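Worksheet for the structure shown next.
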Amino acid sequence: ACSNDTTAPTSSVENEGKETNEDAEIVYIGYSGPLSGPAAYYGENTLSGLQLAEEEINKEGFEVNGKKYNIQIVSLDDKYMPNEAAANAKRLVQENKTPIIYNPHSGGIAAMQVFNEQDQFIVAAYSSEPDITQVGNSLTVRIPPTYDGYIEPFTKYAMERFGPKIASLPTATQYGKDWSEALLPYWESKGGEVVYNTAIDFSKETDFFTILTNALKDDPDVLFIGGASEPTAKLAIQARELGFEGGFIVMDQAKLDEMKAISGSYETLEGAIGTMPLIFSDYPGTKPFIDSYQAKFNKDPGSEAGFHYLSLFIFVEAMKAAGSVDDAKLIHEHMQDGIDSLPEDKKVYVVEEIDENGGFNLATQYGVIEDGAVAPVE
Amino acid sequence: MLKLNSVTVNYGKYSAVRQIDIEVSEGEIVVLLGANGAGKTTTFKTISGLLKPTGGTVNFEGAPINGKSPDRIVQAGIVQCAEDRKLFPQMSVQQNLMMGGYIHRSKKTQLKESLKEVYELFPILYDKRDESARLLSGGQQQMLAIGRALMAKPKLMLLDEPSIGLAPLVVEQMFTSIQHINKDGTTILLAEQNANAALSIADKGYVFENGRIVIEGTSEELFSNDEIRKAYIGA
Amino acid sequence: MELLIQQLFNGLTIGSVYALVALGLTLVYGILHIPNFAHGALYMVGGYVTLLMMTNFGAHYLLAILVSMAVVGVLSVLMERFVFYPLRHSPPIQDKVAAIGILLFLEALAQLLWGADYRTMPTPYGQVVNLFGLTLTMQRIIIVITAVTVMIALYAFLKKTFIGATIIAMAQNREGANLVGINTSKVAMLTFFIAGALAAIGASLTSPINLVFPGMGHLVILKAFVIIIIGGMGSVPGAILGGYILGFTESLGATYLSNDYKDIIAFVLLVLILTIKPNGIFAKGGV
Amino acid sequence: MSSIFSKRNMVIALIVLAFVIPFVLQNQYYLHILTLACIWSIAVYGLNLLAGFTGYLSLAHAGFFAIGAYSLGLLTVKAELSFWLAFLVAPIITMIIGTFVGIIALRTKEHFFAIYTLCVGYIIYLIIDKWDSLTGGVRGLIGIPSPANIGPISFDTPLSQYYFVLVVTLLCILMVYRIVHSLTGRTFIAIRNSEELALSLGISTAKNKLLSFVLSTFFAGVAGALYGSFIRFIGPEISYTTIMFDFLTYLIVGGIGTLSGPIVGTFLIVLLSQNLQFLQDYRMLIFGPLLTLLIIFSPRGIVGFVLTKYHQHQRKTSAVLKDARAKEG
Amino acid sequence: MILQTKQLTKQFGGLVAVKNVDFNIEKRKVNAIIGPNGAGKSTFFNLISGVHRPSSGQILYKGEDITHLPANKVAELGLARTFQTTNLFEMATVFDNVVVGHRLRTRSNFFDAIFRTKRLKEEEERCKQKALEVLKFTELSHIGHQLVANISQEEKKRVAFALALATEPEIVFLDEPTAGVNPDETESLAYLIKKMVNQGITVCLIEHKMRMIMDLADRIMVLNYGEKLAEGTPSEINKNEEVIRAYLGGSGASA
Ligand SMILES: Nc1ncnc2c1ncn2[C@@H]1O[C@H](COP(=O)(O)OP(=O)(O)OP(=O)(O)O)[C@@H](O)[C@H]1O
Ligand SMILES: Nc1ncnc2c1ncn2[C@@H]1O[C@H](COP(=O)(O)OP(=O)(O)OP(=O)(O)O)[C@@H](O)[C@H]1O
Ligand SMILES: CC(C)C[C@H](N)C(=O)O
Ligand SMILES: [Mg+2]
Ligand SMILES: [Mg+2]
């Protein structure tokens, strides 16, 4: 295998056996993310959305300048490490001439941004890290929304329903810290009080009782939690075990439905407010997406999958509008066109526009758990 | 009982023992004499399976035992009391002795019996039974090593320089004990620098030089051999 | 005061887990001088086997743990036979790297077989118990009780039984053990088996309060290594003491100093201990 | 005669190869990988100096690597020092911290030293991770400049960066070569062999051990600084145990205590793991056992294995020569 | 008299390994120490050479108090030693082993190493010359290029001598230099020791091989349980009843 450098790394979705579009050319789309190690599940979820999109796109193929194309995802493992992500990006550009490379962590994205303009590829950045779009990189597309939109409604809801004391226990990633840095001042400005504030490193903590005991000692009304859904759910469960009866503000990385899978019922999570789980969303394209995702992967999709799925369709549309499948700059310039011409049934979320820094702007929905069920907030 | 047939043992390229033949019959005390580094310890290690011979065979009670693992050889009835004693330093005297009875571990009463016998043979060990082995003096450690070997109720006991570093008085006691053990039915193969004492209790002996056996004979023959008197007895 | 007691109990829980994992490691390290970095992977496999026994075969939690102990024990023995036995004459660094290879393999295998996702392990002992103003859960009480029982049992096994004594004997003098008729290969396998079984117990007990996933071994293994060195390699009381020292430092440090810096506090404490006692708390060979 | 001829020319040939390879490969990605491998190998040389030649296995080296990288990063990004000054100062800072750590850590020996330094490495990681206001915490440090132009030479293309890193690597190897082959190196080896003996030969083991420790942190610091300027983004994970285990693996696979081991091991493993990428999920299923097998069948590493064979061969030939001479005589 | 111990004592926990030993080492003589295993002989060496700190007592070298000097300083003063278990770098050549022996007489540091300064080159040359010289003296020149792992036991002992000699010592302390060596080779080592004394070096050695000691030693001290049991010429020691009882045995034991 070592000497056979010309063969492209195959995608994990098998392309052989699909009889359509035999004469179509292939556009390689790069992906670098954690596919082994502690963050592998996160990586797999993000990749799965791309794979589903790839499959659907290739049923018909797409046409640019009268030429037919198929997509092929080339995925490489970077173990969540920036330098590996950079090496992967180099490799993808060099061997597959990928005009777009996805990466789902801020470190990898930042490392790629060092050379993506020079090497002419778009970083499809799945991160809510504000820096990603603020460094002024001209070939970056930030896919998920920033969390600013959540601060106000979450605060309002939680404070009104439960009271003014909050204990903050976000995940110990930059994303988590930024979230709490945005939330807590706002919370205080609305007359609230922060009674405890620390970050939890889910990759190092075996048991959350110690932290929770401290967080709960001043009887907070609300817990601010978040991170990967499953450990976040564990945190909520253990808070209940320790007698906590208030509500939760759940940052957007965790999904209420995924948390319920761990807690067993929504009762435990009563009073939690967070982003609307994809399965409860009702954008035009959500339903078809959920159906085909369930058919393919045999589980409910999370928003990571949804965003990746959606974004690939937008990129394809942008390529069509740009009239090029390989000119990253041109594609980036036509992102707005791509968004505008996205078919209704692919709108898993509704992206309104792409801002001047390359960030998607979209309307988001929130959900709360009331009486043991998810309910949308007005 | 024990028969070494043209046994050769190498350490890497170096032959420490070269084509030696040794025979030990039941009930005998046989002594191996020789200078430092002549190959006695190597021979013992080979018999008890810690080393594999490069050539030749070792037969015990008619069956070959070369190449067998040390624990199998102990089960066959050969127990070695090594030159450097190889005690379990942090275990107590009694624990060391009980470990010596490892192959009879299911026979609790027999073990108790053996323990009593050892304590009778070496009363000092009884006084020190709860002391860590490493805190014993050299002589006591040597007794413990022999006691531990006896616990296995061996048919053949290999004693590698039991008198090493011991005060003459202790050496005397040691040899008396060896005779006792032998009278109780244990065959003994002994390596010694202290040729005088060894030959006085042995039936026959072999003299090693540079890994070869240069002289063999009964104790009387060796005792009266001038060369040996000069080299090892220093008369 | 109540806070202190609650945190002491929390420290006890977490310390129990650390001690259980460290025990298996210290046996293997102290007796065979093998720094088995793959021990964390055994821990992880232990969690999965228990989980799968419960979810796929409907086995009771306790039965599932027994099966897990057996499976991981055997896996551990296989590791000894195929990797560490051939390396028995090499210096420990080589073992370390070989163990890293196994670790990578087992983690990848787990991910392939069972997926990368987080799973929860159900437990029949989920009840919350309130005692004297303390909040305990049955599971945590079980963790502490089991850990203490297992430690006492292991200690008694090593000290009071013949088979156990062979392990100690081998640690103290390998050739000597050979010379009294102990099959050292068998003892090595036995030791690895026990270590594997202990990892399985640790993981099976902890999983209901955390999650089961391929990388779960990382949570404990580094700390376990530090513990066994602090406690003196091969020392059973040392591993237990080290586990609890770390557990209490973490819970009390998080409470009275800083949660963000609690790991630093724990590690600085460990460094201090080693600075003052360069050979660990329990010097070598104790068992 | 022929052996001098071949050894010397091999080295020259390899260096020439290293210089022309970018033109042969014409592949940015491989250039990137080669550059990274060079950087790693410098750190591994540092580790080797201490673990391989002096006999003290430090597991804090990823930490010192990170200190080098962060020093460069902070000096350029926050203190806005000129690149070259920062590049000079970064290894010095690493060495200063290394001196303090070394003085205390070297009180311990063997396993205890290894674990002690493992703890120190972990503490370094935690400090980088937690001290947000200085290091940027988990977000890391972004925007480290690449080497500034020296007159007409600029370092902003991958090719020029490769040459820059290559030259530094060669200088470092030369340094290690000279140290190992000097009286200082002989002193280190004597300490590894037996501290007792070294002491009895009048060698101040404490001083020399510290020297070796500090030198090895120097190489880690240089590698870290290079890494920072090459990837231009650093996060706390570069000081984590994963990186430390990588270093260790490179060293052991290449051959600990040999001069070419670090570079052989690093290049082999880095290229191997990159080339196994196509296996996707199965990568570690293959790589893990491969690593284990490599250790089982060649415990002294690739270079150790080759050296043993070489010595055997030499012994045989000299024996043959002796025989021949004997027959003649 | 070149070196003198006064009431030298060493305690390990409860064990007194060396107890109030007064001993004088005579210049250019062979001073031997004998005694049963565990008598404290090696410990006595370790005290003098600075490996262990004495619990009490004094060590004077040419009238200067060296009791508390670390081992490397003691070596610099001209006291060299060998160890009971041969202690060499197995995977290096004999020559490379010996070169480092002269390190303590050189000054070059690692800057010299990196810049290959004149001083380093000179000193390296000096070390190599010294190595060649002592290899010649110990009759090892022919195996200088061999790996230590591949040479015989007796050759290893000689390498250990060579290493000690490379430090340019005034006294060498030899701990059981002929252990594990056959009688023929023992004799050639004894010859080498004589040769050292003829060169003006003072020798102090520990041995269990009586015939060699009686032949070689000018003076003998007998240690027993850490205490000096007797001291004198070989023939005096040979006749000393106490020594016979505690150590020599012989007629006493068989009687
Ligand atoms: N592990 C080893 N590796 C290499 N050579 C060895 C080893 N063990 C012993 N030898 C050598 O083998 C030879 C025979 O040694 P052995 O220990 O059998 O002698 P011995 O007769 O028991 O001597 P002693 O009276 O000193 O106990 C010696 O030259 C010794 O140096
Ligand atoms: N570092 C130490 N710690 C504790 N006890 C020690 C230490 N070194 C030596 N001893 C003890 O001191 C006593 C004297 O030991 P030493 O090595 O000096 O004996 P020796 O006369 O050289 O014996 P041999 O002839 O066997 O070499 C022994 O009982 C030994 O166990
Ligand atoms: C929630 C995610 C969008 C955040 C992502 N894990 C990051 O590293 O930035
Ligand atoms: Mg012997
Ligand atoms: Mg001695």
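A quick note: this is a predicted structure, and the numbers were derived from the prediction, not measured. Below, read A as the first sequence line, B as the second, and so on, with proteins coming before strands; counting in each chain starts at 1.
- Only the side chain of B/R148 comes within less than 4.5 Å of a heavy atom of chain C; its backbone N, CA, C and O stay farther away.
- Of all heavy-atom pairs between B/F88 and C/V180, the closest is CZ-CG2, 4.5 Å.
- Atom-to-atom distance recorded for B/R85:CZ and C/L179:CG is 14.5 Å, nearest 0.5 angstrom.
- The environment of CG in C/L12 is crowded: more than 12 heavy-atom neighbours from other residues, nucleotides or ligands sit within 6.0 Å.
- Residue-environment remark: NZ (B/K107) exceeds the threshold of 12 foreign heavy atoms within 6.0 Å.
- Counting only heavy atoms from C-beta outward, the side chains of B/Q90 and C/I168 never approach each other to under 4.5 Å.
- At a 4.5 Å heavy-atom cutoff, the contact between B/L87 and chain C is made by backbone atoms alone.
- Taking the side chain as every heavy atom from C-beta outward, B/R105 and C/I163 approach each other to under 4.5 Å.
- Counting heavy atoms from C-beta on, the side chains of B/M99 and C/T166 come closer than 4.5 Å.
- A 6.0 Å sphere centred on OH of B/Y119 holds more than 12 heavy atoms belonging to other residues, nucleotides or ligands.
- Under a cut-off of 6.0 angstrom, the local environment of CD in B/Q179 is crowded, with over 12 non-hydrogen atoms contributed by other residues, nucleotides or ligands.
- Within a 6.0 Å sphere centred on CZ of C/R88, heavy atoms belonging to other residues, nucleotides or ligands number more than 12.
- More than 12 heavy atoms of other residues, nucleotides or ligands shown are found within 6.0 angstrom of NZ on B/K52.
- Across every non-hydrogen atom of C/N178 and B/D71, the tightest pair is OD1-N, 3.9 Å.
- Looking at B/L158, neither its backbone nor its side chain comes within 4.5 Å of chain C, counting heavy atoms on both sides.
- Rounding to the nearest 0.5 angstrom, the gap separating the CE atom in B/M91 from the CG atom in C/N173 is 10.5 Å.
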